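These notes are about the structure you will find just below.
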Amino acid sequence: MSAAELDVYIETEEQRIQRWRAGELERAGYDHGEAAELAARWDVDLHFAVELLERGCPSHTALRILL
């Protein structure tokens, strides 16, 4: 197989951070779609998003607050 035939995917630093943020949000209790949406928004404070769920806020309400 030649180098031209290889489909190489190189993850950028921004993509790595976004993937990490999504994972943290999923672990906190957001579903996959919610976590991906929040992780893509750099204006959303990750710690505040997690804290909302820790304090008993339903994820759909937390999304309305955060977005």
Side-chain angles (χ1 to χ4, degrees):
M1 180 179 301
S2 71
E5 294 174 311
L6 292 177
D7 184 19
V8 177
Y9 175 77
I10 299 173
E11 186 176 48
T12 66
E13 182 70 15
E14 183 175 315
Q15 290 168 324
R16 276 192 293 275
I17 293 169
Q18 188 171 335
R19 184 172 44 81
W20 173 81
R21 285 171 52 91
E24 292 298 307
L25 291 162
E26 282 186 58
R27 278 187 283 286
Y30 291 95
D31 71 29
H32 180 74
E34 294 168 338
E37 183 176 4
L38 290 173
R41 296 281 304 265
W42 300 107
D43 59 327
V44 171
D45 184 292
L46 176 70
H47 298 287
F48 182 57
V50 170
E51 185 179 328
L52 286 171
L53 296 189
E54 288 174 345
R55 291 180 176 220
C57 184
S59 64
H60 63 278
T61 303
L63 281 175
R64 292 183 65 201
I65 293 168
L66 295 164
L67 301 175

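Just so it is clear, the structure is predicted and the values come from calculations on it, not from any experiment.
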Seminar exercise, completed: Closest heavy-atom pair, Cys57 versus Ala62, reported as atoms and distance to 0.1 Å, is SG-N, 3.6 Å
Problem set entry | Atom pair CG/NE2 of Leu52 and His47 - distance to nearest 0.5 Å | 13.0 Å
For this session: List the atom of Ala22, the atom of Ala35, and the distance in Å for their closest heavy-atom pair.
Result: O-CB, 3.5 Å
Exercise. Does Glu34 use its side chain to pair, donor to acceptor, with the backbone of Asp31 at less than 3.5 Å?
Worked result: yes
Exercise. Is Arg21 reaching over with its side chain to a backbone N or O of Arg41, donor-acceptor style, under 3.5 angstrom?
Worked result: yes
Exercise. Under a 4.0 Å N-O cut-off, is there an ion pair linking Glu51 with Arg55?
Worked result: yes
Exercise. Less than 4.5 Å apart, any side-chain heavy atom of Leu25 and any of Trp20?
Worked result: no
Problem set entry | Distance-minimising heavy-atom pair for Glu14 and Trp42 | CG-CZ2, 3.5 Å
Problem set entry | Check: Gln15 side chain, Thr12 main-chain N or O, donor-acceptor pair, under 3.5 Å | yes
For this session: Quick one: do Glu13 and Arg16 satisfy salt bridge (charged side-chain N to carboxylate O under 4.0 Å, His left out)? Show the steps, please.
Result: CA-CA 5 Å; Glu13 182 70 15; Arg16 276 192 293 275; 2.8 Å; yes
Exercise. Heavy-atom count around Arg64 CZ within 6.0 Å, excluding the residue itself: above 12?
Worked result: no
For this session: First locate atom CZ of Phe48, then atom CG of Leu53, and finally report the distance between them rounded to the nearest 0.5 Å.
Result: 10.5 Å
Exercise. What's the spacing between Leu63 CG and Leu38 CG if we round to 0.5 Å?
Worked result: 5.0 Å
For this session: Determine whether Arg27 and Glu24 make a side-chain contact, defined as any pair of heavy atoms from C-beta on separated by less than 4.5 Å.
Result: yes
For this session: Spell out, as yes or no, whether a donor-acceptor pair under 3.5 Å connects the side chain of Tyr30 to the backbone of Ala49.
Result: yes
